[in-house]
Amino acid sequence: MISSAAKRICRFLVCAGVVSQEESELYEYGFFLLISRAVFFVLVCTLGLTCGLFWECILFYLHFSLLRGYAGGAHASKESICTLWTTFCFCLAVAGMGWLRSSGLTAIAYGMLLVFGPMVWILSPLDVPEKPLTPSEKRRYGRISKGLVLVSALIAILAAQMGYSLLLWVIPWSVALEGLLLLAGFLKQSRSQGRQEIFRNLT
């Protein structure tokens with residue numbers, strides 16, 4: 001698994017004297033993020049080449065990763081579950097992008113932005129136990145994630161109106177996937193912490 005690979009790399013660096021034992025946990029987390037993102041990037045590129053959506057998939061992955069990094073969302077309790085669900089979600093998004101492009105149903109794309117855009121706006125950033133945020137980080141991440149979803153949606157719509165529909169097949173699926181992850185994380189929090197505390201954190 002990815003965590004095992006990150007641990008092995010970190011242990012090698014500690015034995016080589018490149019990294020101190022005190023810093024090993026931080027480096028291990030960094031390697032985990034680097035490897036996992038590289039693995040999923042290769043997966044998305046492979047799906048894109050297979051389905052004839054190479055550039056769409058690259059744009060989707062970059063936009064989703066950026067939005068996910070600031071908006072947050074649900075995290076699986078186990079790495080294996082996280083890997084399986086992430087793979088499934090990416091496969092679903094690639095299939096959805098291909099369907100939107102082949103059908104040309106721009107109204108569906110606009111509808112996805114209309115439904116999931118406000119969801120990301122309201123729920124982000126989601127402070128979960130797996131990735132706690134300080135109050136200042138929460139304000140900053142909230143501004144950035146809201147700005148990202150608003151600007152990217154406007155760019156996609158304007159580009160489509162000018163005859164460049166590629167972003168209109170990509171951005172809605174990225175926003176939709178992030179919106180669903182935020183909703184899942186919100187519902188998980190509401191069960192464990194109580195609804196009143198959650199709504200206070202959103203205001």
Side-chain angles (χ1 to χ4, degrees), residues 1-3 6 29-48 53 55-97 100 109 112-134 136-156 167-189 198 201-202:
M1 301 297 288
I2 298 173
S3 58
Y29 178 69
F31 282 121
F32 174 81
L33 290 179
L34 182 63
I35 296 170
S36 60
R37 289 177 180 177
V39 167
F40 287 122
F41 179 73
V42 172
L43 170 66
V44 169
C45 288
T46 303
L47 290 171
L53 299 165
W55 293 112
E56 288 90 340
C57 286
I58 289 181
L59 289 172
F60 163 80
Y61 183 80
L62 293 176
H63 183 266
F64 173 76
S65 298
L66 185 62
L67 186 58
R68 166 79 163 165
Y70 287 106
H75 290 262
S77 57
K78 295 182 179 180
E79 182 187 343
S80 57
I81 298 175
C82 176
T83 302
L84 288 174
W85 270 109
T86 303
T87 302
F88 171 76
C89 290
F90 284 168
C91 289
L92 180 64
V94 172
M97 286 188 291
L100 276 180
M112 292 172 68
L113 290 174
L114 187 62
V115 171
F116 294 104
M119 189 180 296
V120 175
W121 182 281
I122 293 170
L123 296 178
S124 64
L126 189 65
D127 191 5
V128 294
E130 294 86 354
K131 188 181 179 182
L133 298 174
T134 65
S136 61
E137 287 177 331
K138 195 165 187 176
R139 288 191 296 270
R140 182 166 63 89
Y141 280 36
R143 288 193 297 268
I144 294 174
S145 56
K146 289 173 174 60
L148 280 172
V149 72
L150 178 62
V151 171
S152 59
L154 289 176
I155 290 176
L167 289 176
L168 196 59
W169 318 138
V170 174
I171 301 299
W173 278 100
S174 174
V175 173
L177 181 55
E178 178 57 30
L180 291 173
L181 288 171
L182 285 167
L183 180 61
F186 174 80
L187 294 175
K188 182 180 178 181
Q189 277 192 350
I198 298 298
N201 291 336
L202 289 174

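The figures here come from the full heavy-atom set of this structure, side chains too, leaving out hydrogens, waters and symmetry mates.
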Next on the checklist: Show the nearest heavy-atom pair for residues Ser124 and Lys146, with the distance to one decimal.
Outcome noted: O-NZ, 2.8 Å

Next on the checklist: Rounded to the nearest 0.5 Å, what separates atom CG in Leu133 from atom CZ in Arg139?
Outcome noted: 11.5 Å

Checklist entry - Would Arg37 and Tyr61 satisfy side chain to side chain contact (heavy atoms under 4.5 Å, CB included), going step by step from the backbone distance to the final call? => result CA-CA 10 Å; Arg37 289 177 180 177; Tyr61 183 80; 3.5 Å; yes

Checklist entry - What heavy-atom pair brings Pro118 and Leu114 nearest, and what distance separates the two atoms? => result CD-O, 3.0 Å

Next on the checklist: For Leu62, give me all partners under side chain to side chain contact (heavy atoms under 4.5 Å, CB included), at least two apart in sequence or on another chain.
Outcome noted: Ile58

Checklist outcome for this item: When every non-hydrogen atom of Ser145 is compared with those of Pro125, the smallest separation belongs to OG-N, 4.4 Å

Checklist outcome for this item: Distance col, row Leu47:CG vs Thr87:OG1, nearest 0.5 angstrom, shows 8.5 Å

Item to check | Straight-line distance of Leu182 CG to Leu187 CG, nearest 0.5 Å | outcome: 11.0 Å

Checklist entry - How many angstroms lie between CG in Leu168 and CG in Leu100, if you round to the nearest 0.5 Å? => result 7.5 Å

Item to check | Which atom of Val120 lies closest to which atom of Leu67, heavy atoms considered | outcome: CG1-CD1, 4.3 Å

Next on the checklist: Please report the interatomic distance OH(Tyr141) to OG(Ser136), rounded to the nearest 0.5 Å.
Outcome noted: 9.5 Å

Item to check | Over all atoms of both residues, closest heavy-atom pair of Ser174 and His63 | outcome: OG-ND1, 2.6 Å

Next on the checklist: Counting C-beta onward and ignoring hydrogens, is there a side-chain heavy-atom pair between Cys45 and Phe41 closer than 4.5 Å?
Outcome noted: yes

Next on the checklist: Quick check: do Met119 and Leu183 have side-chain heavy atoms less than 4.5 Å from each other?
Outcome noted: yes

Checklist entry - Relative to the ring of Phe60, is the ring of Phe64 parallel (under 30°), tilted (30 to 60°) or perpendicular (over 60°)? => result parallel

Checklist entry - Quick one: does Phe116's side chain get under 4.5 Å of Leu177's, heavy atoms only? => result no

Checklist entry - Closest approach of Ala156 and Leu167, non-hydrogen atoms and distance? => result CB-O, 3.9 Å

Item to check | OG1-CZ distance between Thr46 and Phe40, expressed to the nearest 0.5 angstrom | outcome: 12.5 Å

